[in-house]
Amino acid sequence: MQTEYILKAIDAALAAGKEILKVYNDPSSDFQIERKADHSPLTLADRKAHEIIMTYLQETDYPVLSEEGKHLPYEERARWHTLWIADPLDGTKEFIKQNGEFTVNIALVEEGVPVFGVIYVPVKETLYWGEPVDGAYKMEEVTERAGRSWEEMKASALRLPCAGAGDAFVIVASRSHLSAETEDYIEEKRKIYPRVELVSVGSSIKICRVCEGAADEYPRFAPTMEWDTAAGHAIAKASGAEIYQVGKEEPLVYNKPDLLNPWFIVKRNNTRNRC
């Protein structure tokens, strides 16, 4: 994979995060909240982050499938063997609640498989990225790349997952979308493990928790779209985890005719490694 594309995606995520924070931290901003066709919220920050990301990614050779962009019919997308999938502001509900649990997600997908992903948590100034050859990383207190090379970025970051193990089996779940099926799944785990701990958090941060080793599993028995998971999926794979379809030992796939994900479970292949 061309490192220049990886760095461009990282720059795009950081720049989008900066733009989001301008809206988030503006005391006079009303966020300009609208409702999309599916009744999910759309804010000024979503739109501005989308514009920033498109500015960067349109300089590459690949088309972009963004949550806030035009969604072309599958007949045209089917010709896209490699594409970017982006969620300019994942966790819009958390953004509106102002709890800081929102992210910028950008993934590069080849033949339906995420091969690179970057997730940025603007409020925490925390950057995650991963790709198959070099692995997965986490960098804190970062607001811009500041001209650092790919090798310098890796040298400044923490390699994921972290070593160590905790006593509890940790399940991370959605703060805004905890379904009855998810609660049933957690109860089944309580029958297997002597101590199960539930952690609730918003956006793709949940996937990052599993990538870090801070959680063992993230079950999702509620609707998500491809842009919600593609970046996290790439980071998960690079960290030694996977996102499986519920009831199957098959991972999620991308650029499908229907962009809606099936229910899934994010889990580590070596579940007891823990930060």
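By convention here, the first residue in the shown sequence is residue 1. Nothing here was measured: the structure is a model prediction, and the numbers come from that model.
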For the pair Tyr137 and Trp150, name the ring-plane relationship: parallel under 30°, tilted 30 to 60°, perpendicular over 60°.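 Plane angle over 60°, so perpendicular.
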
In terms of relative ring orientation, are Tyr62 and Tyr5 parallel, tilted or perpendicular, with 30° and 60° separating the classes?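 Plane angle over 60°, so perpendicular.
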
Is a salt bridge present between [X] and [Y], judged by a nitrogen-to-oxygen distance below 4.0 Å?
| X | Y | answer |
| --- | --- | --- |
| Lys22 | Glu19 | yes |
| Glu242 | Lys237 | yes |
| Glu68 | Arg47 | no |
| Arg268 | Glu217 | no |

Path from Val142 to Ile52 over hydrophobic side-chain contacts below 4.5 Å: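 No, no single cluster joins them.
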
Determine whether the aromatic ring centres of Tyr218 and Phe264 lie less than 6.0 Å apart.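 Tyr218 vs Phe264: aromatic centres under 6.0 Å.
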
With sequence neighbours excluded, tell me which residues meet side chain to side chain donor-acceptor pair (under 3.5 Å) with Glu140.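 Side chain to side chain donor-acceptor pair (under 3.5 Å) list for Glu140, sorted by chain: empty.
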
If you look only at pairs with a residue in residues 148-160, which of them pass as a salt bridge (charged side-chain N to carboxylate O under 4.0 Å, His left out), with sequence neighbours excluded?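 Sorted result for residues 148-160: Asp134-Lys154, Glu151-Lys154.
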
Before you tell me yes or no, could you show the steps for Ile207 and Tyr128 under side-chain contact (heavy atoms from CB on, under 4.5 Å), namely the whole-Å CA-CA distance, both residues' side-chain angles and the distance that decides it to 0.1 Å? CA-CA 11 Å; Ile207 301 177; Tyr128 299 87; over 6 Å; no

Partners passing side chain to side chain contact (heavy atoms under 4.5 Å, CB included) against Glu250 (at least two apart in sequence or in another chain):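 Only Gln245, Lys248 meet the side chain to side chain contact (heavy atoms under 4.5 Å, CB included) criterion with Glu250.
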
